Structure formats: C-alpha cells, structure tokens
Amino acid sequence: MKSDLKTRIRLLESDFDSALAEASDLQALEQIRIRFLGRKGLLAGLFGILGSLEGDEKRASGHLLNTLKDKMNTVFSEKARSLDMQSHGESFFDHSLPGNIGYIGRLHPLTTLLREIKSCFQSMGFIVAQGPEIETEYYNFDALNIARGHPARDMQDTLFIDEEQEIVLRTHTSPVQVHVMENQPPPVRIIAPGRCYRRDTPDATHSPVFHQIEGLYVDEGVSFADLKGTILTFAQRLLGSDIKIRFRPSFFPFTEPSAEYDFSCLICRGRGCRVCKQSGWVEISGAGMVNPAVFDYVGYDPERYTGFAFGMGVERIAMLIYGIPDIRMFYENDVRLLKQF
Ligand code: PHE
C-alpha cells in the first residue's frame, strides 16, 4: 500500500505535467483543472487513500502529497497566466506589474541659481532687463568707452559673426546697460542676466559660452558705498549672513573708479582650500561707478547723475555653491550630474 501510493503520486505528477504541456487554450486548461485538481479529481482521490493510512506511512505520504499539491497549483497558475496572455495578444495589460514611472526632469543647476539671484535683486527693487546675444561692436565696445585698438578689445577675445558689419556675439552683459539707458531716463535700477561668448579654449574654468548678470543703478547721488551695500546684501541673502565681500582696485573703460570683487570662500569659510587657492577669497567679477563717458553716449547728464554697475559670473558662483570643480560639467548634460540637483 505504502509503495503503491508513492508510485501513484509520481505517476500523477508526470501525467499532470504532460497534460499541461499539451494544453493549448484556456478550455483545455479548465478540463485539466477539473480532472486533476477538482474536488473529485485525481489529486483528491490520492488524498482519499491517504485517509486510510496510519502512522509514519501516513506522515511520509502526506508530506509527499502536500508538496505535489503545492507544485501542481503553482505550475497550473503559471500556465494559466501564459495562456491568458497569449489569448489577449499584445494588448494585454498586466495590472499586477509595478508601475513604469518615467524619469521626471528637473531644473538645471544654473537655472535654479539664476532664479535665486534674480529674486534676491528683485527684492531690492531691481527690474530684470534683457538684451540681444548678437550685438554690434558699437554696443559691445564703443558705447562702453572701449576704444578701437584698445587692449581691452583684444582682452575680450571676441567671436565675430560678421567682421565687416561689425557684428559680434556679446562678450559680456554690459551692452545691456547701454540699451536700457538709451530707452529710458534715470532712475534706472536693473539686472540683466544672460549668455555671453568668448573665444576661449574650454578647460576647468573657461567655457566659450557662459552666463553673467549685469547690474546697473543710476540716479542722483548714487555712490560707491551704495555699490558695496548692494553687493554685500546680495551675497548675504544668497549665501548666508557670514559671507564677507572684498573690493580690489581694477580697470574697466566703462567704470571709473573700477574694482574687482571677491566673496569669502564658501567651501572653507575663508580658512583656505583648493577652490580659493588657499587665499580664502573667490573672485566673482568687476564693478565700479559708471564712467561719465558712457553717460555721454546714451544722453544722460553726467553732472546730475551718477551710477554704479557690476557684473557677476554665474558659473563661478554655482561652482562655489554646489562644489562643482569643472565648468564644463554644466554643459555636458550628463544625467548622473543633473539628477543630483
Ligand atoms: N563686463 C565686465 C566683464 O565682463 C564686468 C563688469 C561689469 C565690470 C560692470 C564693471 C562693471 O569682465
């Protein structure tokens, strides 16, 4: 009896497997279910025999039968699933699969930073202005008091669109100063964010395309102290109240006096690190009091008005804030980098 039941269990298993293998549609499968797994089916019959056994024999065969039952149920559901899928063709939709959540894009770190910078200045009453990226030499140089043949013109390493027509890709956002002043009388209080271009070979700190933000404030009685106060307020709002700023004498043809300004290094908080080359300071850009010669070009009265202007290198600030060591990373659009923001 004992060996008999074991044999029948083995036979049932192989019969079931071959019957399943042959089933080619859901009706055939249902027949198999009734024959093998139904209430009066072959598996139930073997459980009936088990009822007449006793002791160790009953336990051993019971274990075998239960294992077979689980296996038959599993194999049966798999087959049912695959036949069901076939019968639905390609339009089959499996509700039990986890959802396919696509990668959701996000803002580029430069976009985020530009927005933050804009809102800092807007809260101080600055209005956002725009100017063209393709400029004439007049706006990019002449009206900014950068004379023909002046070394500053070489220094800029300009990309020309048409040399004869004197059309260039702007090398800085300062020409927007001229457009704005041509179009409105003082007072003027604007920032002008945008792309700039220079004939630079790309390396860790140079990119032929980069962003600047220009600032311009013209009114009666505007002083260098206002410039310093504006830059300091901006730096502390953007980067925290412990940020320090520093001005160093410099030269730009369109400002007089001129300065370059630095922020204390965010990474090491001024103690000295690789980013600030151990100096504790990171250079941001140039600034100064608008040169009266520029007022002459746009028809402002230099006896009555004074103003300050500043530039700002957006990538430089972004590298500082996000700890990005190479400017090229902003333009490679490697999702592994972008996903981190
Ligand atoms: N346009 C200058 C540059 O690109 C920066 C600057 C802006 C300097 C405004 C003074 C005033 O280097």
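It should be emphasised that the depicted structure is a prediction, and the values quoted were computed from it without experimental measurement.
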Tell me if a side-chain donor or acceptor on Q212 pairs with a main-chain N or O of T173 at a distance below 3.5 Å. yes
How close do K69 and L43 get, counting heavy atoms only, and between which atoms? CG-CD2, 3.6 Å
Between E78 and R81, is there a salt bridge with N-O shorter than 4.0 Å? no
Looking at residues at least two apart in the chain, or sitting in another chain, which of them share a salt bridge (charged side-chain N to carboxylate O under 4.0 Å, His left out) with R106? none
Ring pair (Phe, Tyr, Trp, His ring centres under 6.0 Å) partners for F224, two or more places apart: F247
Passes salt bridge (charged side-chain N to carboxylate O under 4.0 Å, His left out), D203 versus R328? Steps please. CA-CA 7 Å; D203 64 23; R328 289 170 291 195; over 6 Å; no
Heavy atoms, side chains only, cut-off 4.5 Å: are Q184 and V180 in contact? yes
Tell me, yes or no, whether the heavy-atom count around R39 atom CZ, taken from other residues, nucleotides or ligands under 6.0 Å, exceeds 12. no
Judged by atom type as modelled, is there a donor-acceptor pair below 3.5 Å linking the side chain of N183 to the main-chain atoms of H179? yes
H108 side-chain N/O to Y331 backbone N/O, donor-acceptor pair under 3.5 Å: no
Nearest-0.5 Å distance, CD1 of residue I327 to CD of residue E315: 4.5 Å
Is it true that atom CD1 of I134 has more than 12 heavy atoms of other residues, nucleotides or ligands lying nearer than 6.0 Å? no
Applying salt bridge (charged side-chain N to carboxylate O under 4.0 Å, His left out), can you list everything that pairs with D242, at least two apart in sequence or on another chain? R269
Distance col, row D142:CG vs Y297:OH, nearest 0.5 angstrom, shows 6.0 Å
So does P253 get a backbone contact from the side chain of N291, meaning a donor-acceptor N/O pair under 3.5 Å? yes
Shortest non-hydrogen pair, P202 vs P208, comes out as CG-CD, 3.9 Å
Taking the six-membered ring for Trp, are the ring centroids of F254 and H172 within less than 6.0 Å of each other? yes
Test of understanding: with salt bridge (charged side-chain N to carboxylate O under 4.0 Å, His left out), list the residues that count as partners of D200, not counting sequence neighbours. none
Short side-chain to backbone donor-acceptor contact, S18 and S14, under 3.5 Å: yes
Tightest non-hydrogen contact, residues I317 and L238, listed as CG2-CD2, 4.0 Å
Applying ring pair (Phe, Tyr, Trp, His ring centres under 6.0 Å), which residue pairs with at least one partner in residues 20-73 are found, sequence neighbours left out? F16-F36
Side chains of I9 and E13: does their closest heavy-atom pair fall under 4.5 Å? no
Is there any side chain to side chain donor-acceptor pair (under 3.5 Å) pair reaching into residues 249-267, and which pairs are they, with sequence neighbours excluded? R246-D262, R248-D262, S250-E260, T255-S258
Can you list the residues that meet the ring pair (Phe, Tyr, Trp, His ring centres under 6.0 Å) rule with F310, with sequence neighbours excluded? F121
On a heavy-atom basis, which atom in L144 and which in S174 lie closest, and how many Å separate them? CD1-CB, 3.7 Å
Distance-only donor-acceptor check, side chains Y138 and E166, under 3.5 Å: no
Any Lys/Arg nitrogen of R170 or E214 sitting under 4.0 Å from an Asp/Glu carboxylate oxygen of the other? no
What residues, two or more places apart in sequence or in another chain, satisfy ring pair (Phe, Tyr, Trp, His ring centres under 6.0 Å) together with F210? none
Separation of L5 CG from R10 CZ (nearest 0.5 Å): 10.5 Å
D56 and R59 ion-paired at < 4.0 Å: yes
Is there any side chain to side chain donor-acceptor pair (under 3.5 Å) pair reaching into residues 298-307, and which pairs are they, with sequence neighbours excluded? E220-R304
Give a yes or no on whether the backbone of K58 and the side-chain of S61 come within a donor-acceptor separation of less than 3.5 Å. no
Side chain to side chain donor-acceptor pair (under 3.5 Å) partners of residues 110-127, not counting sequence neighbours, each pair once: S123-R237
Quick check against the 3.5 Å criterion: does N140 have a side-chain atom that pairs as donor or acceptor with the backbone of T171? yes
Output the distance between atom CD1 (I231) and atom CG (D226), rounded to the nearest 0.5 Å. 11.5 Å
If you compare all heavy atoms of V128 against all heavy atoms of P193, which two are closest, and at what distance to 0.1 Å? CG1-CD, 3.8 Å
For D334, all residues meeting salt bridge (charged side-chain N to carboxylate O under 4.0 Å, His left out), sequence neighbours excluded: R336
My understanding is that only residues two or more places apart in sequence, or in another chain, count here; which of them pass ring pair (Phe, Tyr, Trp, His ring centres under 6.0 Å) with F160? none
Can a donor-acceptor pair be found, under 3.5 Å and without considering hydrogens, that links the side chain of R199 to the backbone of T158? yes
Heavy-atom closest pair, residues R316 and E283: CD-O, 3.1 Å
